[in-house]
There are 2 protein chains.
Amino acid sequence: MDAAPLQVIPYDRPTLSALLRRHGIAPTHQRLEIARVLFARCQHLSAEQILHQANERHAETSKATVYNTLNLFRDRGLVREVIVDPKRVFYDPNTGPHHHLYNVDTGEITDIPADGLRLSGLPELPAGMVTEGVDVIVRVRSAGVSGLG
Amino acid sequence: MDAAPLQVIPYDRPTLSALLRRHGIAPTHQRLEIARVLFARCQHLSAEQILHQANERHAETSKATVYNTLNLFRDRGLVREVIVDPKRVFYDPNTGPHHHLYNVDTGEITDIPADGLRLSGLPELPAGMVTEGVDVIVRVRSAGVSGLG
DNA sequence: ACAGTGAATTAGAATGATTCTTAATGGACG
DNA sequence: CGTCCATTAAGAATCATTCTAATTCACTGT
């Protein structure tokens with residue numbers, strides 16, 4: 001059901017507009033700005049970071065709108081939530097199948113491409129259950145840094 | 001008032017005491033109570049649930065102590081945090097290698113044994129990085145329930 | 001028993017991410 | 001222009017978690 005993987009596409013205003021429309025989202029000024037922040041570089045950004053970057057040029061997007069918009073984008077499958085840090089949610093513009101490397105020291109998140117990673121032996125699901133997705137999170141830390149005494 | 005638990009309790013007071021000591025934790029009254037809640041049934045409980053269950057018989061453990069103790073248990077490797085829900089952290093008394101099935105509708109968490117599940121093709125880590133752990137989270141929902149419109 | 005000591009506990013305030021409420025704004029269209 | 005509905009927004013509310021600062025506890029040596 002997913003559209004083609006979205007990589008290395010120059011996201012100008014009209015392209016973003018079409019992208020939103022394709023997902024059933026009316027392309028308002030604020031939404032385009034948030035989409036631009038998300039898709040410009042394919043990073044993993046928190047709501048706060050998105051708010052900040054969206055308002056770098058002109059402050060024109062409120063915190064409430066950032067949260068509303070991110071939830072809307074998530075519901076429409078435009079972005080994916082990354083749950084690795086209990087403190088905050090990150091948003092990932094890459095909705096294709098892939099996984100994540102999480103540096104618990106720095107908070108840095110890196111993509112792990114899904115091809116090449118094989119996962120087998122998953123148990124059968126209970127009746128009436130449908131898989132929504134499988135997240136693999138590799139937690140790493142800088143060598144030599146230890147949380148133990 | 002029927003305190004008689006319905007399941008086999010492998011952990012009586014002296015056993016829990018020894019367990020804490022083995023992990024370098026002084027076995028205080030509150031810590032033993034929290035450990036009992038965690039290990040009695042091997043569930044995945046939030047801090048709030050643990051607070052509630054610890055005070056069911058006799059209120060003697062504060063919210064602050066529950067959080068302090070869970071962080072201590074986590075640091076000493078007695079329990080593991082399960083990060084699947086952005087709203088709250090769950091604590092898992094099973095520290096052995098295993099993974100999780102997360103029902104996004106009900107919030108229910110189920111263990112997936114690690115044996116039988118094979119994961120291969122993980123990319124090399126960047127230099128100076130050490131793997132802390134690999135979490136596999138299978139997100140499921142009840143069939144027929146759709147979050148999309 | 002009893003004071004001394006450091007660790008453990010605690011009530012409540014503070015923090016911070018996210019959501020909610022409610023009012024203002026804006027654009028499309030007759 | 002004015003209506004209508006969606007969108008935006010300011011700030012309050014919520015809620016999990018952490019922090020602060022004081023109190024209590026468990027032990028020790030006497």
Side-chain angles (χ1 to χ4, degrees), chain A residues 13 16-17 20-21 23-37 44-55 58-76 78-79 81-91 104 107 109 147 149, chain B residues 13 16-17 20-21 23-37 44-55 58-76 78-92 104 107 109 147 149:
Chain A
R13 219 78 178 182
L16 287 172
S17 233
L20 297 205
R21 257 189 276 265
H23 286 260
I25 299 168
T28 67
H29 191 191
Q30 287 85 336
R31 287 169 180 172
L32 285 169
E33 194 61 21
I34 291 168
R36 185 187 60 75
V37 169
H44 306 82
L45 300 171
S46 68
E48 193 197 5
Q49 292 173 315
I50 291 165
L51 172 63
H52 194 254
Q53 290 190 26
N55 285 331
H58 304 306
E60 55 197 356
T61 306
S62 72
K63 187 195 293 190
T65 296
V66 168
Y67 278 100
N68 289 343
T69 300
L70 288 172
N71 287 337
L72 178 66
F73 283 7
R74 184 243 293 127
D75 291 345
R76 297 294 165 83
L78 195 59
V79 301
E81 285 181 347
V82 180
I83 317 287
V84 288
D85 181 345
K87 291 288 162 211
R88 55 203 166 297
V89 173
F90 290 94
Y91 292 87
V104 299
I109 300 174
Chain B
R13 216 82 178 178
L16 287 171
S17 233
L20 296 206
R21 257 188 274 267
H23 285 260
I25 299 168
T28 68
H29 191 195
Q30 286 86 337
R31 288 169 180 171
L32 286 169
E33 194 60 21
I34 290 167
R36 184 187 61 75
V37 169
H44 306 83
L45 300 171
S46 69
E48 193 197 6
Q49 292 173 314
I50 291 165
L51 172 64
H52 196 255
Q53 291 191 25
N55 287 329
H58 187 40
E60 56 197 356
T61 306
S62 71
K63 185 195 293 189
T65 296
V66 168
Y67 279 100
N68 288 343
T69 300
L70 289 173
N71 288 338
L72 178 66
F73 284 6
R74 184 242 294 125
D75 291 346
R76 297 295 165 83
L78 196 59
V79 301
R80 193 217 272 200
E81 285 181 345
V82 181
I83 317 287
V84 287
D85 180 344
K87 291 286 163 216
R88 55 203 167 298
V89 173
F90 290 93
Y91 291 87
D92 187 347
V104 299
I109 301 173

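Each chain gets a letter, A, B and so on, in the order its sequence line appears, and its residues count up from 1.
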Go through the structure and list residues passing side chain to side chain donor-acceptor pair (under 3.5 Å) with Asp92(B), not counting sequence neighbours.
His44(B), His98(B), His100(B)
Residues at least two apart in sequence or cross-chain that pass salt bridge (Lys or Arg N to Asp or Glu O under 4.0 Å) with Arg31(A), listed by chain then number, are none
Range on DNA chain D touched by chain A - first to last nucleotide, heavy-atom distance under 4.0 Å:
dT7(D) to dT18(D)
Can you list the residues that meet the side chain to side chain donor-acceptor pair (under 3.5 Å) rule with Thr28(A), with sequence neighbours excluded?
none
Applying side chain to side chain donor-acceptor pair (under 3.5 Å), can you list everything that pairs with Glu81(B), at least two apart in sequence or on another chain?
Arg74(B)
Set of residues satisfying salt bridge (Lys or Arg N to Asp or Glu O under 4.0 Å) with respect to Arg88(A), sequence neighbours excluded
Asp85(A)
Counting primed atoms plus P, OP1 and OP2 as sugar-phosphate and everything else as base, spell out the protein contacts along nucleotides 5-21 of chain C at 4.0 Å heavy-atom distance: B, S or - for each nucleotide, 5' to 3'.
---SSBB-----SBB--
Output one line per pair: protein atom, nucleotide atom from nucleotides 25-30 of chain C, and distance, for all N/O pairs under 3.5 Å.
none

Just checking Glu48(B): does its CD atom have more than 12 heavy atoms from other residues, nucleotides or ligands closer to it than 6.0 angstrom?
no
List the residues meeting side chain to side chain donor-acceptor pair (under 3.5 Å) with Ser46(A), not counting sequence neighbours, and say none if there are none.
Gln49(A)
With sequence neighbours excluded, residues passing side-chain contact (heavy atoms from CB on, under 4.5 Å) with Leu51(A)
Asn55(A), Lys63(A), Val66(A)
List the residues meeting side-chain contact (heavy atoms from CB on, under 4.5 Å) with Pro27(B), not counting sequence neighbours, and say none if there are none.
Ser17(B), Leu20(B), Arg21(B), Leu32(B)
Taking only residues two or more places apart in sequence or in another chain, which ones pass salt bridge (Lys or Arg N to Asp or Glu O under 4.0 Å) with Arg13(B)?
Glu33(B)
